[in-house]
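What follows is a set of notes on a single structure, which appears directly below.
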Number of protein chains: 2
Amino acid sequence: MKNVPDTLEKLRETGLKLTPQRMAILEVLSGDTSHPSAQAIYQEVRSRYPMISFATVYKTLKVLEGIGEIRALTINEDKLNFDPDTSPHHHFLCRRCGRIIDVMPADLSVPQSVGGHKVDRCQVYYYGECADCIDSD
Amino acid sequence: MKNVPDTLEKLRETGLKLTPQRMAILEVLSGDTSHPSAQAIYQEVRSRYPMISFATVYKTLKVLEGIGEIRALTINEDKLNFDPDTSPHHHFLCRRCGRIIDVMPADLSVPQSVGGHKVDRCQVYYYGECADCIDSD
DNA sequence: GTACTTGCAAACAGTTTGCATAGGC
DNA sequence: GCCTATGCAAACTGTTTGCAAGTAC
């Protein structure tokens with residue numbers, strides 16, 4: 001998602017309703033570069049909008065993913081993380097602190113096919129130790 | 001893992017026991033290029049060795065991953081898939097048939113660092129429609 | 001008014017664990 | 001004989017769903 005108003009417009013176009021809950025979720029996601037889990041998003045939304053339920057958050061995330069406004073990352077083995085930035089970039093997971101960090105390599109091109117198979121999406125995950133954790137030694 | 005004998009040797013070196021269950025699991029994994037899930041491995045092992053339990057299979061997979069003989073893939077959102085081939089290569093998931101296919105791009109090098117973060121591993125996942133599924137149209 | 005959305009609580013799937021028994025070494 | 005591995009079943013985690021009540025449009 002680029003910003004909240006554009007995403008609201010996209011929802012409207014798609015025939016989806018603009019509920020306070022959805023707006024609160026978009027507000028939280030907008031500009032969030034921490035790649036939060038569904039639970040983390042729920043906690044954050046709830047701190048601003050205490051009456052929201054987890055089911056609503058989860059369903060909304062699936063809706064947003066369905067219309068291409070956010071992306072689900074499988075960089076963790078045990079849970080999904082969500083990325084409101086759908087522009088092409090890679091991700092780094094620090095095994096020490098658990099943070100997921102955006103990475104922008106020189107070549108971000110996605111091949112149209114690999115080994116004769118048609119590619120519509122590509123995810124690159126790096127694993128290791130982040131600069132902050134290395135510094136803190 | 002390269003083959004069963006070498007992996008048995010690796011287990012022995014590490015002080016792990018060579019049980020019939022472990023050998024059966026290695027036998028199944030050896031040369032398996034289908035990237036099976038834990039359940040699939042369990043089913044296959046059980047067809048040859050009916051008294052084995054799922055817990056044993058699962059624990060053994062974790063052991064094998066721990067000593068670097070196999071690798072867990074997070075290419076699926078809902079389950080892990082295991083790859084006995086630990087040599088560097090990429091993976092393609094066909095959204096239609098669900099198969100995971102090995103991909104060998106020209107450049108398989110893993111950068112030592114990205115954005116100042118120390119990288120010890122890299123996974124590249126492609127998503128799309130495989131050649132077989134395209135042909136079957 | 002209609003259709004979609006919410007919220008709850010329960011179902012689910014895959015993964016993980018505790019512990020008594022069995023068995024490799 | 002020691003100590004790890006096995007097997008069972010139950011616990012756990014994250015995800016997903018059914019359905020009645022509420023609400024955007």
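Just so you know, these numbers use all the heavy atoms, side chains as well, and skip hydrogens, waters and symmetry mates. Remember, it's a predicted structure, so these values are computed and weren't measured experimentally. Below, read A as the first sequence line, B as the second, and so on, with proteins coming before strands; counting in each chain starts at 1.
Nearest to the side-chain atoms of B:K59 among the listed nucleotides C:dG18, C:dT6, D:dT16 stands C:dG18. Proximity note for A:L16 (side chain, C-beta onward) versus D:dG7, C:dT5, C:dG7: the nearest is C:dT5. The listed nucleotides are C:dA9, C:dT6, D:dG7; the one nearest the side chain of A:T60 is C:dT6.
Projected onto DNA chain D by closest heavy-atom contact, A:A38 and A:K17 fall at different nucleotides, the more 5' of which corresponds to A:A38. Along DNA chain C, the nucleotide nearest to B:T19 and the one nearest to B:K62 differ in position, and the one closer to the 5' end is contacted by B:K62. Between B:N81 and A:Y49, it is A:Y49 whose nearest contact on DNA chain C lies nearer the 5' terminus.
Rounding to whole angstrom units, CZ of residue A:R22 and C1' of C:dT5 are separated by 6 Å. The nearest whole Å value for the distance from the CG atom in A:N76 to the C1' atom in D:dT15 is 15 Å. With rounding to whole Å, A:L11 atom CG is found 13 Å from D:dA24 atom C1'. Residue A:F54 contributes atom CZ, which lies 18 Å from atom P of C:dC12 at whole-angstrom precision. Summarising the geometry, the separation between CZ on B:R12 and C1' on D:dT4 is reported as 16 Å, rounded to the nearest angstrom. The separation between A:L80 atom CG and C:dA13 atom P is 17 Å, rounded to whole Å. Distance, B:E77 CD to D:dT16 C1': 12 Å, rounded to whole Å. What separates CD1 of A:I25 from P of C:dT5 is a distance of 12 Å, to the nearest Å.
Regarding contacts with the backbone of C:dG7, a side-chain N or O of A:Q21 is found under 4.0 angstrom from either OP1 or OP2. Under 4.0 angstrom from either OP1 or OP2 of C:dC8 there lies no side-chain N or O belonging to A:S53. In this model, the phosphate group of C:dT15 is not approached by any side-chain N or O of B:Q39 to a distance below 4.0 Å at OP1 or OP2.
If you check distances only, the side chain of B:K79 never reaches the base of D:dG14 with a donor-acceptor pair under 3.5 Å.
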Before giving the answer on side chain to side chain donor-acceptor pair (under 3.5 Å), spell out for B:D102 and B:H35 the whole-Å C-alpha distance, their side-chain angles and the decisive distance to 0.1 Å. CA-CA 9 Å; B:D102 285 336; B:H35 313 88; 2.7 Å; yes

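Nearest heavy atom pair, residue B:L61 against residue B:I70, reads O-CD1, 3.5 Å.
No more than 12 heavy atoms of other residues, nucleotides or ligands lie within 6.0 Å of NZ in B:K118, so this atom counts as exposed by the packing criterion. Summarising the local packing, CD of A:E13 is surrounded by more than 12 heavy atoms from other residues, nucleotides or ligands at distances under 6.0 Å.
Ring planes of A:H91 and A:Y125: tilted class, angle from 30 to 60°.
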